[in-house]
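Presented below is the structure to which this report refers.
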Amino acid sequence: MRDPLAEQFEDLEKQASAARLGMWAFLGSEVLLFSGLFALYAGYRTMYPADFASAVAHDNVAIGTTNTFILLTSSLTVALAVHAIRAARARRAAGLLLASVALGLLFLVLKGFEYAEHFRQGIYPGDRYRFAELSGYGAKTFFTIYYVATGLHALHVTAGISVLGYLAWACRRGHYTPEYHMPLELGGLYWHLVDIVWIFLWPLLYLAHA
Amino acid sequence: MIAPTTTEGSKRHPSWLRYVVIWLCLLALTSASFLLSLAHLGAVDVVVALGIAVAKSSLVLLFFMHLLEHRFSNAMIVLVSCALVVLLVSLVAADVATRHTFPPAPAPLGEPD
């Protein structure tokens, strides 16, 4: 097995700190990426409060809430996987990561059903919007932001699923030990960030209908 | 045998039960947020829902992402990012709400058909 300590570091502790700081800097840049969409939401919601409220009320809160529970549970299984590898239980860690992958896929399937329901009603992003029941300018704007925000989030879920799938395979192959499992820890951080973004999207897109 | 000081994990590992307790708190907060959204609180409901979202993400950050265990430089990045999001979102909303140099809502260019 390759020496886990890169030559420019004196010890694993320093290497781990550097790796974590780099990952947090990346996660910070991801927050900036999503913050533009949150700002658009805030601006247009202030401009069209009534249209936004009725558009939010139209969203499928059952699917949205189920997906919230799914992502929170997948975050738990990722946290437990990191815990398992710290205790040298690589097979258990691999199993927990595969459970997270399954939950992530379930999230995407439910999201797909939701998109299909919208498409059937003529709710498309931008100029393609054809939903007569909510014909206001604000409703059209809401759903365009909805598609961009949930679409960008779904891309992150897809990337996270691939990362977790790779990590499960690597755990299974015995690549990680209690002393060296930094990829698993960093991949876990990415998945938790995807969860946090959804923690904010869920109330804004499904709950705030007053 | 590798000395414990050379491991990259933290020295004291919390029990797995801690993660399950945090997860149960997250589920409880999610249910509370959902039930409050049915209560027709009016304009405060966005504030309440976002407050609960902040509480939930703090739990994820501090425990699932181990910010509590690690050095403060990591938390610093989170704090600065959050400050930027709060400023950006609140100032964009404040600008739209208070600017009177243009009509608050542009006249629709034509009803979507």
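All of these numbers come straight from a predicted model, not from anything done at the bench. For the numbers below, each heavy atom of this structure counts, side chains included, while hydrogens, waters and symmetry mates do not. Chain letters run A, B, ... following the sequence lines, proteins first, then strands; residues in each count from 1.
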Checking heavy atoms, do the side chain of A:L204, its backbone, both or neither come under 4.5 Å from chain B? side chain
What do you reckon, is CZ of B:F63 surrounded by more than 12 foreign heavy atoms closer than 6.0 Å? yes
Can you say whether B:L84 sits under 4.5 Å from chain A via the side chain, the backbone, both, or neither, judging by heavy atoms? side chain
Rounded distance (nearest 0.5 Å) linking atom CH2 of B:W16 with atom CZ of A:R92: 8.5 Å
What do you reckon, is CZ of A:F119 surrounded by more than 12 foreign heavy atoms closer than 6.0 Å? yes
Proximity breakdown for B:I77 and chain A, heavy-atom pairs closer than 4.5 Å: side chain
Among B:A97, B:S31, B:A75, B:S33, single out the residue with the greatest number of heavy-atom pairs under 4.5 Å to chain A. B:S33
Nearest 0.5 Å please: distance from the CG atom of B:L27 over to the CG atom of A:L76. 8.5 Å
For the CG atom of A:L40 and the CG atom of B:L88, what is their distance to the nearest 0.5 Å? 9.0 Å
Report yes if the side chains of A:F200 and B:V54 come closer than 4.5 Å at any heavy-atom pair, otherwise no. yes
A:L27 versus chain B, the contacting section by heavy-atom distance below 4.5 Å: side chain
Could you tell me which of A:G138, A:G188, A:S17 has the largest number of non-hydrogen atom pairs under 4.5 Å with chain B? A:S17
Please evaluate residues B:H66 and A:V82 with respect to the criterion side-chain contact (heavy atoms from CB on, under 4.5 Å), reporting the C-alpha separation (whole Å), side-chain torsions for both, the decisive distance (0.1 Å), and the verdict. CA-CA 11 Å; B:H66 304 114; A:V82 174; 4.2 Å; yes
Please give me the minimum heavy-atom distance between B:V89 and A:A39, naming the atom from each residue. CG2-N, 3.9 Å
Output for pair (A:W24 CH2, B:M76 CE), nearest 0.5 Å, gives 14.0 Å
Region of B:V48 in contact with chain A, defined by heavy-atom distances below 4.5 Å: neither
Check each atom of A:D127 against the heavy atoms of chain B and say whether the ones under 4.5 Å are side chain, backbone, both or neither. neither
Output for pair (B:D45 CG, A:L207 CG), nearest 0.5 Å, gives 8.0 Å
Greatest number of heavy atom pairs closer than 4.5 Å to chain A - which of B:N74, B:V46, B:V85: B:N74
If you round to the nearest 0.5 Å, how far is CZ of A:R20 from OG of B:S73? 10.0 Å
A:S29, part contacting chain B, at a heavy-atom distance under 4.5 Å: neither
Within a radius of less than 6.0 Å around CD of A:Q8, do more than 12 heavy atoms belonging to other residues, nucleotides or ligands occur? yes
Given B:Y19, which of A:V78, A:L80, A:T77 fulfils the side-chain contact (heavy atoms from CB on, under 4.5 Å) condition? A:L80
Heavy-atom closest contact (B:S81 atom, A:G28 atom, distance): OG-CA, 3.6 Å
Can you name the nearest heavy-atom pair linking B:F34 to A:W202, along with the distance? N-CH2, 4.0 Å
Minimum heavy-atom separation for A:I196 to B:M65, with atom names? CD1-SD, 3.9 Å
Under 4.5 Å heavy-atom distance to chain B, tell me which part of A:S75 shows up: side chain, backbone, both or neither. both
Report the C-alpha distance between A:R86 and B:E69 in whole Å, list the side-chain angles of each, state the deciding distance to 0.1 Å, and finish with yes or no for salt bridge (Lys or Arg N to Asp or Glu O under 4.0 Å). CA-CA 14 Å; A:R86 283 173 170 188; B:E69 291 174 31; 3.5 Å; yes
